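What's counted below: heavy atoms across the whole structure, side chains too, no hydrogens, waters or symmetry copies. In this text the structure is predicted, and so the values were computed from the model without any measurement.
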Amino acid sequence: MDLPFGTQTPELDVLIVGGGLSGLASALKILSLESTLKVRIIEASDGLGGLMGQNSTRLVDGAQQDMLALLTIIHLSPRRRRSVSGRLRRCWDLDRGLTALPAKFELGRYIEMLDLRMHKFRSKRFSLRERVSNMEQHICHNLFFSKSRNFMLNLVELVCGVPANEVDYDVFMSVCSSCGGLKMLIDFYFTYPSSFYEISTQRLIESILEQLQFITITLNCRAVRVEHFKNYVQVTDDQGNKHTAQAAILAIPWNKVQKLDFEPRIPKAYQPRTTSKSGHKRRQLISQFQLRYGKSVWTDLGYSGNFLSSQPLVSGHECRMSSFCGYVLHSPEDQDEVLQDVVDLLAEHFGEEMRRPLECQCSTDELNVAQHKPQTKPWHRVIWSSSSAVGTSYRTMMGGAVQSGFRAAVNAVFVVRPQVVSWKDMLVERPKSAQDVVSSGRIRGLLSRLNLYNVTFYSFFVLGLIWLLNLGYARAF
């Protein structure tokens with residue numbers, strides 16, 4: 001597409017749309033490459049951090065190299081999670097009831113089967129297939145018990161941002177493959193192992209802002225229109241102000257990019273191919289909460305604090321001594337009562353003391369949507385960023401946000417000051433880590449396919465075959 005030539009002089013070198021972790025990481029990287037560039041960040045909400053939250057606790061592991069590199073730049077040391085005694089048990093609805101044991105067994109088999117298939121989705125040569133079952137069909141075909149089904153349906157919605165019936169199998173596997181597999185995602189969203197590190201998002205944002213003292217940050221400024229010219233980009237916000245820059249980084253998920261008015265329209269070659277057949281439906285919201293008490297009420301009852309309820313999806317853990325944090329998925333209609341519903345649910349399992357927190361905080365945002373392969377190719381002066389849309393390593397997580405932010409920053413500086421970008425800065429791929437190399441035997445792969453459906457079928461088949469042989473043998477003699 002031949003872009004028109006603009007008549008204005010850009011006031012900025014780089015404009016960053018979105019003040020989440022990806023946008024903040026881009027700003028840091030730009031300054032490390034060329035400190036003289038004029039950069040501005042505009043954020044639609046009244047605070048920075050995006051889905052990460054402003055005053056919560058997030059987890060990282062030692063394999064998120066980009067995230068650890070960011071922490072080194074801002075001189076922030078993560079804290080290892082407090083080790084919980086093995087005598088304390090978790091409070092999961094998956095562990096309760098007569099069907100808990102078989103449900104967990106078939107769920108473990110299903111997760112192992114998907115993890116064994118994950119390696120082919122990491123290949124760059126892999127492309128999304130046109131006709132493939134959605135994840136709801138795949139889950140219901142392989143899992144029998146409602147407990148295990150609900151667990152997987154919730155996980156798919158968390159990872160991809162939409163219900164499982166709107167997510168194709170290939171898309172889900174592609175997203176999971178960038179995060180080290182399904183078991184790693186379950187650790188991040190549900191189990192919270194003590195080997196992970198805790199990061200206070202408040203301290204993280206404050207430490208980043210200390211490095212961005214000379215960058216203009218405008219809050220409550222939502223971009224509504226993007227005009228792309230051959231020599232600059234002009235972004236108009238909801239107050240009618242126009243921001244012109246030599247390059248623009250859209251550090252927002254693709255579902256929010258689609259709400260912008262582009263002139264000219266984004267060419268098809270620069271749009272990720274999405275397989276969604278759902279149309280425009282109202283999405284679930286995610287609310288992150290943190291409750292502080294005078295003591296660890298759950299520990300007195302013999303619980304570690306690891307909590308999981310499938311309907312509605314509520315997951316939480318002890319983030320600090322006597323503090324409980326987590327998240328809940330809910331519809332927009334339930335937003336006003338979500339915190340009270342969470343407290344009532346916790347009180348049902350941990351006692352009435354959970355209804356009287358000393359301090360409570362809650363922030364709500366829209367789930368980021370990941371229904372396509374990562375869109376890493378910039379559209380001339382418009383550069384995509386965000387963990388869910390662009391991340392190729394730890395996609396939809398903090399590591400993916402930082403990685404996509406760093407890559408977008410390099411692309412932006414290459415547009416504005418190509419002479420300061422080296423070939424090492426342009427490298428994206430890293431050597432494969434141990435988690436990327438999967439060795440699986442044929443027998444292990446076959447065993448992982450076992451579920452209640454095919455075991456029942458083959459059992460009846462074998463019994464029927466034996467009965468027919470016995471019948472034929474009896475008639476012969």
ask   = Taking the six-membered ring for Trp, are the ring centroids of Tyr110 and His138 within less than 6.0 Å of each other?
value = yes
ask   = Taking it one step at a time, do Asp61 and Gln64 satisfy side chain to side chain donor-acceptor pair (under 3.5 Å)?
value = CA-CA 6 Å; Asp61 67 336; Gln64 298 191 38; 3.3 Å; yes
key: Distance-minimising heavy-atom pair for Gly18 and Ile41   = O-CG2, 3.9 Å
ask   = Are Asn241 and Thr236 side-chain neighbours, meaning at least one heavy-atom pair lies under 4.5 Å?
value = no
task = Go through the side-chain N and O atoms of Thr9 and Tyr232 and say whether any donor and acceptor fall under 3.5 Å apart.
result = no
query = Is the backbone of Val171 close enough, under 3.5 Å, to the side chain of Asp168 for a donor and an acceptor to pair up by distance?
reply = no
remark   = Nearest heavy-atom contact between Ile199 and Pro78 is CG1-CB, 4.1 Å
message = For a quick test of reading the model, state the closest non-hydrogen atom pair linking Thr376 to Val390 and the distance between them.
response = CG2-O, 3.8 Å
ask   = Using the ring of each side chain (for Trp, its six-membered ring), is Trp379 parallel, tilted or perpendicular to Phe262, with breaks at 30° and 60°?
value = tilted
ask   = Does the pair Val416 and Leu37 meet the rule for a side chain to side chain contact (heavy atoms under 4.5 Å, CB included), with working shown?
value = CA-CA 9 Å; Val416 179; Leu37 294 181; 3.8 Å; yes
query = Hey, are the side chains of Leu204 and Met398 touching, using non-hydrogen atoms and a 4.5 Å cut-off?
reply = yes
inquiry  = Please tell me whether Asn154 and Glu157 have a donor and an acceptor in their side chains that are separated by less than 3.5 angstrom.
reply    = no
request  = Fit a plane to each ring of Phe289 and Phe324, take the angle between them on a 0 to 90° scale, and name the class: parallel (under 30°), tilted (30 to 60°) or perpendicular (over 60°).
outcome  = parallel
inquiry  = Salt bridge or not between Arg58 and Glu198? Use side-chain N to carboxylate O under 4.0 Å.
reply    = no
inquiry  = Please determine whether the number of non-hydrogen atoms from other residues, nucleotides or ligands lying under 6.0 Å from atom CD of Glu337 exceeds 12.
reply    = no
inquiry  = Between Asn231 and Gln246, is the side chain to side chain contact (heavy atoms under 4.5 Å, CB included) condition met? List the steps.
reply    = CA-CA 7 Å; Asn231 51 332; Gln246 295 187 54; over 6 Å; no
key: Between OG on residue Ser323 and OH on residue Tyr293, distance to nearest 0.5 Å   = 10.0 Å
note = Correct closest heavy-atom pair for Gln211 and Leu31 would be O-CD1, 3.8 Å
ask   = Is the shortest heavy-atom distance from the side chain of Leu114 to the side chain of Cys176 under 4.5 Å?
value = no
request  = Apply the test side chain to side chain donor-acceptor pair (under 3.5 Å) to residues His330 and Ser287: give CA-CA distance (whole Å), side-chain angles for both, the deciding distance (0.1 Å), then the verdict.
outcome  = CA-CA 8 Å; His330 58 91; Ser287 290; 2.6 Å; yes
key: Reported CG-to-OG distance for the pair Asn150 and Ser310, which is rounded to 0.5 angstrom   = 5.5 Å
ask   = Got a second to check how far Ile215's CD1 is from Leu28's CG, nearest 0.5 Å?
value = 7.5 Å
message = Are more than 12 heavy atoms, taken from residues, nucleotides or ligands other than Arg225, located less than 6.0 Å from that residue's CZ atom?
response = yes
query = Should Met152 and Leu107 count as side-chain neighbours, where that means a heavy-atom distance under 4.5 Å?
reply = yes
ask   = Is there a donor in the side chain of Ser385 and an acceptor in the side chain of Ser22, or the other way round, less than 3.5 Å apart?
value = yes
key: Gap separating the OG atom of Ser309 from the CG atom of Asp341, nearest 0.5 angstrom   = 11.0 Å
ask   = Just wondering, do Leu51 and Ile286 contact through their side chains at under 4.5 Å, heavy atoms?
value = yes
request  = Can you see which heavy atom on Trp384 is nearest to which on Ile266, and at what distance?
outcome  = CH2-CD1, 3.8 Å
message = Working note: Thr201 + Leu21, criterion side chain to side chain contact (heavy atoms under 4.5 Å, CB included); need CA distance, chi angles, decisive distance, verdict.
response = CA-CA 10 Å; Thr201 57; Leu21 182 58; over 6 Å; no
query = Between Thr396 and Asn368, is any pair of side-chain heavy atoms under 4.5 Å apart?
reply = no
inquiry  = With side chain to side chain contact (heavy atoms under 4.5 Å, CB included) as the criterion, how do Ser388 and Trp254 come out once you've worked through the C-alpha distance, each side chain's angles and the decisive distance to 0.1 Å?
reply    = CA-CA 8 Å; Ser388 61; Trp254 192 254; over 6 Å; no
query = With Ile16, which of Ile42, Val39, Ile383 fulfils side chain to side chain contact (heavy atoms under 4.5 Å, CB included)?
reply = Val39
task = For atom CZ of Phe414, decide whether the heavy atoms of other residues, nucleotides or ligands shown that lie under 6.0 angstrom number more than 12.
result = no
query = Hey, does Tyr169 have a side-chain heavy atom less than 4.5 Å from the side chain of Gln137?
reply = no
query = Within 45° of the axis and under 6.0 Å from the centre of the six-membered ring of Phe5, does NZ or CZ of Lys230 qualify?
reply = no
request  = To the nearest 0.5 Å, tell me how far Glu210 CD sits from Ile74 CD1.
outcome  = 9.0 Å
Verdict with reasoning, Tyr192 to Ser315, per side chain to side chain donor-acceptor pair (under 3.5 Å) = CA-CA 10 Å; Tyr192 314 108; Ser315 179; 2.6 Å; yes
ask   = Are any side-chain N or O atoms of Tyr394 and backbone N or O atoms of Gln65, one a donor and one an acceptor, separated by less than 3.5 Å?
value = no
task = Would you check if there is a donor-acceptor pair between the side chains of Ser200 and Gln202 at a distance under 3.5 Å?
result = no
key: Spacing of OG1 belonging to Thr191 relative to CH2 belonging to Trp92, to within rounding of 0.5 Å   = 6.0 Å
Pairs involving residues 354-372, ordered by first then second residue, that meet salt bridge (charged side-chain N to carboxylate O under 4.0 Å, His left out) (sequence neighbours left out) = Lys256-Asp365, Lys259-Glu366, Arg292-Glu359, Asp344-Arg355, Glu352-Arg355
message = I want to check something: taking the side chain as every heavy atom from C-beta on, are Val233 and Thr244 in contact at a cut-off of under 4.5 Å?
response = no
note = Tightest non-hydrogen contact, residues Gly161 and Val369, listed as O-CG2, 4.1 Å
request  = Determine whether more than 12 heavy atoms belonging to other residues, nucleotides or ligands lie under 6.0 Å from atom CD of Gln311.
outcome  = no
key: Residue pair Ser296 / Glu318, side-chain donor-acceptor N/O under 3.5 Å   = yes
message = Could you tell me if Arg40 and His243 have a donor-acceptor pair between their side chains, going purely by distance under 3.5 Å?
response = yes
